[in-house]
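Below you'll find the structure, written out as structure tokens, and then a few comments.
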Amino acid sequence: MLNVTIDGQLLQVKEGTTILEACELVGAEIPTLCHLKHLAPEGSCRMCVVEVKGARDLKVSCATVCDEGMEVVTMNEKIHAWRRFIIEMLLADHHIDCFSCSDTGQCKLYQYALDYGIKEPRFQVEPRDWEKDETNRFFDYDPHKCILCRRCVRTCNDRQVNHTLNLTGRGIDTKVGMPFDELFIDSNCVSCGNCVSVCPTGALATKSSKDYRSWEVTKTRTTCSYCAVGCQMDLVVKKGKVVGVEPADGHSNKGLLCVKGKFAYKFIGHPDRLTTPLVRKDGVLQPVSWDEALDVVADNLQRIKAESGPDAIAGFSSSRTTNEDNYAFMKMMRGAIGTNSVDNCARV
Amino acid sequence: MAGLAITLGSGAMTNSVAEVVDADVIFLIGSNPTEAHPVMGAQIRQARQRGAKLIVADPRVIDLAKEAVVHLQLKPGTNIALLNGMMHTIITEGLMDKDYVENRTEGFDELWDVVKEYTPEKAAEICGIDPEDLKAAARLYASGKRAPIYYCLGVTEHSSGTAGVMSISNLALLCGNVGKYAAGVNPLRGQNNVQGACDMGAIPAMYSGYQKVSDPDIREKFSKAWGVELSAKPGLTSIEAMNGAAAGDVRAIYIMGENPMLSDPNMAHVEKSLKNLDFLVVQDIFLTETAELADVVLPATCFAEKEGTFTNTERRVQRVRKAVQGPGESREDWAILAEVMRRLGFDPGFSSSKEIMDEIARLTPSFGGISHERLDKEQVQWPCPSADHPGTPILHLGKFSRGERALFRPSPHIPSGELPDDEYPMLLSTGRLLYHYNTPTMTGKNEELMEIEGRSFIEINPSDAAKYGLEQGGRVKVASRRGEIETEARITQRVPEGVLYMPFHFADGAANILTSDAVDSISMTPEYKVCAVKVKKASYEDARVS
């Protein structure tokens, strides 16, 4: 263990702990743009700079590990000026349309500009003639809002390991893109959406995110209902409707999702959903009350059980629904009906 | 999953998903995770990028096959021959973990009795691969310090599925790879909660937690808790129940959240069976093909509209939470079932999802320490017998669920139930696409996904396509002994000569009109992965009629 002081507060950390991680332990807030859990430290945005006593320059806290006896200051005039200057440089090359940008309310650049007292951009770069790439079916890319933090590039290459995104161009013309300026639709992109989930601005944004703002929604942590990896995710809900999905840091997914988990949620509130019990009358399924439907079910099950015994009834439970539902189903078949003929589609 | 229960004592995945990034050799057999389990696929790629070496055994050139050190492009239905051949190499070249085999296993002599027949040359001939590749794969697997095996329905969906699973277990045990970190025998379960459905006793022979119906003490325990006499008579599996319905012995079926009309093999048989029933109840979220045949349809809520838990492939029990209201009068599945129970004169004994989990914990030793309250703080892996137990990320550490020793249970190569012949010369295999999920009840409601892949197709090797005069994207008729469908030809090197591959998602050109009803005699899993078919170009007249 190492002894470290952060803003005068003494603490012990394991060897290999970064200054940023140590700051988190004592609740000292450090702004970050390129840093992301599960990715190797990047240290490129420089927003997380702090002062280390005895060091010549400010240190990038996400990529500097703690030393024995280190004394760290997380905010002073110099740090403030540095961070403010970084934001001003980023804003110089940023298409500012916060009124209509879908990321407004959760954009990190917007938040830090506010935090560091920036009222308008100090510098201005001539805008490039870059075009938006709106060819992916689920999300859009606007290079004019990109801050080159490389979160998307690193996620695509080191976490999804699909090697679609990279940086193209040089100097002021650098942007996130694909070889030969390919469009998303022509690339090997599998639409996992993980690049979108990690974008700190509105550069990569789902098409559906235009329909809501962060303050209009609630988020509910749940488990994905597609394959058996069991990814953790947040359902984003506006006015009783699921409008998006964001990955959460679960044991088995560590912040990743796939195209189904991220984007295939439209079945939830789909107009084709069953909304009322149906009973077949004169050969046609017709809407009835719950009472009537449940009576028809119970009467027929009882009749068949009386005529042919409980084993003339079988039940197929579901590998799609919850443990509790499955247990209840098994209890109904064995306890209430009296047969062991209960199965699920594990086999099919 | 009966195979692992016999050899190791538990049918579940031995290790945890995230461990894969620390593996040094990964053996993937009958599994295409970048499409079927994409986030697992991504982590396998992370491992490979960190230096892990990949062995892929798959009839198709799946994406991960391109990143493999060895790709064993075996004929569908020859997994056991391959595994036996690999074990032959490992044993004869002295690459096995002798200490482990001596101290932690039994049945090695019986294993050798079977495996000794499978020289690499003989095994490779059955599989249609190069014996040098087989030997290279065996040596590489045996060299791994942390060498997990991942398998999926490409192993189990065969008439020899259970024997295939036990052969995988044999290989892992031979190299001492069970009961340690970043190793093990890892079935990637198909559906989100297939692990949980089995854990909860939605299988004929077991109550929750794999407690046997045939055990009088267990029956007595549940009988007492539920206040009712319980039947000791063995129940029917879904395939047996379908056959019973066709024969008239089964008169009523209650189906919750399943669509056997599209998902079961041999659709014509399923339709006939369901139509032959006196009474069919379907409880679902959409009016599925199966629901359309029902006498009563009950509207249920989906995962976003209910409280509960799913158990993922690594045995981790995780919370499902209500984010929105269900549409119309839809109700939670358990609540509907509770009402039915009451009307049958049986007290369900619970009034919320949380209370059901409390009952599960009371009656199920492996879930003893699990409750919604605890899961809101930490998501544990069963077995978790008590509130202070941390859960079990790795099974069989130090001791097997089966006892002190694991069992080798060898099998000879078993040919598939139906193989190509003169009349039906091609072998058809089926599987899942990245953009869909089983019957597209859910994914089909997303127009973007349907734009990417919205229709049935069949993959065919260029030389076969030339033989039958098929064009890229042209219509093709595919027929088996059970039926005929028309679909679109996708000419690709992904499949070898003589093998066709079709996704099973789509109702237009539904693969399961063709599939065989051969089943594994132990697990009763249908043989979706192999059936014999013939193909011909669909004529202009055919196209006009359809």
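Just so it is clear: chains get the letters A, B, ... in the order the sequence lines come, proteins before strands, and each one is counted from 1.
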- Message: Donor-acceptor pair, distance only, cut-off 3.5 Å: does the side chain of A:N326 make one with the backbone of B:A202?
- Response: no
- B:I44, part contacting chain A, at a heavy-atom distance under 4.5 Å: neither
- Query: Would a 4.5 Å heavy-atom cut-off, applied to side chains only, mark B:V250 and A:I313 as touching?
  - Reply: no
- Message: Distance check, rounded to the nearest 0.5 Å: B:I285 atom CD1 versus A:H270 atom NE2?
- Response: 11.0 Å
- Based on non-hydrogen pairs under 4.5 Å, which of B:A197, B:P234, B:G326, B:G328 is most in contact with chain A? B:A197
- Sub-4.5 Å side-chain heavy-atom contact between A:F138 and B:L449: yes
- Item | Atom pair OG (A:S317) and CD (B:Q283), whose distance is rounded to the nearest 0.5 Å | 9.0 Å
- Most contacts with chain B, counted as non-hydrogen pairs under 4.5 angstrom, among A:I304, A:L256, A:V236: A:I304
- Task: Against chain B, work out which of A:K281, A:E307, A:M333 has the most heavy-atom pairs shorter than 4.5 Å and name it.
- Result: A:E307
- Using only heavy-atom distances, determine whether the side chains of B:Q46 and A:Q160 contain a donor-acceptor pair under 3.5 Å. no
- Message: Report which part of A:C192 has an atom under 4.5 Å of a heavy atom belonging to chain B: side chain, backbone, both, or neither.
- Response: neither
- Query: What part of B:A245 is in contact with chain A, defined as an atom under 4.5 angstrom from a non-hydrogen atom: side chain, backbone, both or neither?
  - Reply: neither
- Message: If I compare all heavy atoms of A:N162 with all of B:R45, which pair ends up nearest, and what's the gap?
- Response: OD1-NH1, 3.6 Å
- Item | Side-chain donor/acceptor of B:R316 to backbone N/O of A:H251, under 3.5 Å | no
- Item | Neighbours of chain B found in residues 289-296 of chain A - heavy atoms under 4.5 Å | A:W290, A:D291, A:A293, A:L294, A:D295, A:V296
- Message: Within a 6.0 Å radius of atom NZ on A:K238, are there more than 12 heavy atoms belonging to other residues, nucleotides or ligands?
- Response: yes
- Message: Out of A:R273, A:Q302, A:M330, return the one with the most heavy atom pairs under 4.5 angstrom to chain B.
- Response: A:R273
- Note on the structure: Looking only at heavy atoms, the pair that brings B:R319 and A:T223 closest together is O-OG1, 2.7 Å
- Message: Determine whether a donor-acceptor pair (N or O, by modelled atom type, separation under 3.5 Å) exists between the side chain of B:N192 and the backbone of A:A228.
- Response: no
- So, the part of A:K219 with a heavy atom under 4.5 Å from chain B: the answer is neither
- Query: Can you say whether B:P327 sits under 4.5 Å from chain A via the side chain, the backbone, both, or neither, judging by heavy atoms?
  - Reply: both
- Message: If I measure from the heavy atoms of chain B, does A:V237 come under 4.5 Å with its side chain, its backbone, both, or neither?
- Response: side chain
- Task: Compare all side-chain heavy atoms of B:V297 with those of A:L285 and state whether any distance is below 4.5 angstrom.
- Result: yes
- Just wondering, do A:I268 and B:V324 contact through their side chains at under 4.5 Å, heavy atoms? yes
- Message: Looking at chain A, which one of B:E292, B:K354, B:E229 has the largest number of heavy-atom pairs inside 4.5 Å, strictly under?
- Response: B:E292
- Query: Relative to chain A, which of B:K322, B:R321, B:E332 shows the most heavy atom pairs under 4.5 Å?
  - Reply: B:R321
- Checking heavy atoms, do the side chain of B:V281, its backbone, both or neither come under 4.5 Å from chain A? side chain
- Item | Lys/Arg N to Asp/Glu carboxylate O, B:K306 vs A:D325, below 4.0 Å | yes
- Message: At a heavy-atom distance under 4.5 Å, which candidate from A:T339, A:V190, A:N253 has the highest pair count against chain B?
- Response: A:V190
- Note on the structure: Assert top hit (heavy-atom pairs under 4.5 Å, partner chain A, pool B:T364, B:T311, B:D249) equals B:T311
- Applying salt bridge (Lys or Arg N to Asp or Glu O under 4.0 Å), run through A:D299 and B:R343 and close with a yes or a no. CA-CA 8 Å; A:D299 291 350; B:R343 278 160 213 252; over 6 Å; no
- Task: With a 4.5 angstrom heavy-atom cut-off, could you sort out which part of B:A338 is near chain A: side chain, backbone, both or neither?
- Result: neither
- How are the rings of B:W226 and A:Y327 set to each other: parallel, tilted or perpendicular (split at 30° and 60°)? perpendicular
- Item | Test item: A:V297 and B:Y254 side chains (from C-beta on) under 4.5 Å apart, heavy atoms | yes
- Query: Measuring from B:Q318:CD to A:R221:CZ, what's the distance to the nearest 0.5 Å?
  - Reply: 10.5 Å
- Query: Among A:K266, A:R137, A:K207, whose side-chain hydrogen bond (donor to acceptor under 3.5 Å, both in side chains) with B:E448 holds?
  - Reply: A:K266
- Message: Could you measure the distance from the OG atom of A:S252 to the CD atom of B:Q43? Nearest 0.5 Å is fine.
- Response: 7.0 Å
- So does B:Q325 have more than 12 non-hydrogen atoms from other groups sitting under 6.0 Å from CD? no
- Side chain, backbone, both or neither: which part of B:L344 has a non-hydrogen atom closer than 4.5 Å to chain A? both
- Message: Please give me the minimum heavy-atom distance between B:S330 and A:L274, naming the atom from each residue.
- Response: CB-O, 4.3 Å
- Max heavy-atom pair count under 4.5 Å with chain A, selected residue of B:V228, B:D295, B:V282: B:D295
- Contact origin within B:V317 toward chain A - heavy atom pairs under 4.5 Å: side chain
- Query: With a distance cut-off below 6.0 Å to the six-membered ring centre and an angular limit of 45° from the axis, does A:R334 pair with B:Y207 as a cation-pi contact?
  - Reply: yes
- Query: Side chain, backbone, both or neither: which part of B:Q381 has an atom under 4.5 Å from a heavy atom of chain A?
  - Reply: neither
- Query: Looking only at heavy atoms, what is the nearest atom pair of A:L301 and B:F279, with distance?
  - Reply: CD2-CD2, 4.2 Å
- Message: Can you tell me how far apart OG (B:S208) and NZ (A:K331) are? Round to the nearest 0.5 Å.
- Response: 10.5 Å
- State, to 0.1 Å, how close B:L236 and A:D343 come at their nearest heavy-atom pair, and which atoms those are. O-CB, 4.4 Å
- Query: Mind checking whether B:D333 and A:F329 have side chains closer than 4.5 Å, heavy atoms only?
  - Reply: no
- Message: Looking only at heavy atoms and a cut-off of under 4.5 Å, which of A:N157, A:N194, A:I337, A:V259 has the most pairs with chain B?
- Response: A:V259
- Item | Main-chain N/O of B:V213 paired with A:N340 side-chain donor or acceptor, under 3.5 Å | no
- Against chain B, work out which of A:L235, A:N300, A:V279 has the most heavy-atom pairs shorter than 4.5 Å and name it. A:N300
- Quick one: of B:E329, B:E305, B:R48, B:E307, who has the most non-hydrogen atom pairs under 4.5 Å with chain A? B:E329
- Among A:N323, A:T321, A:N344, find the residue that satisfies the side-chain hydrogen bond (donor to acceptor under 3.5 Å, both in side chains) test when tested with B:N193. A:N323
- Report the distance from atom CE of B:M256 to atom OG of A:S318, rounding to the nearest 0.5 Å. 5.5 Å
- Message: Any non-hydrogen side-chain atom of B:P299 less than 4.5 Å from a side-chain atom of A:P277?
- Response: yes
- Measure across B:A241 and A:F316 and return the closest heavy-atom pair with its distance rounded to 0.1 Å. CB-CE2, 3.8 Å
- Item | Side chain proximity check, A:E324 to B:T309, heavy atoms < 4.5 angstrom | yes
- Item | Side chain, backbone, both or neither of B:M13 within contact of chain A (heavy atoms, under 4.5 Å) | neither
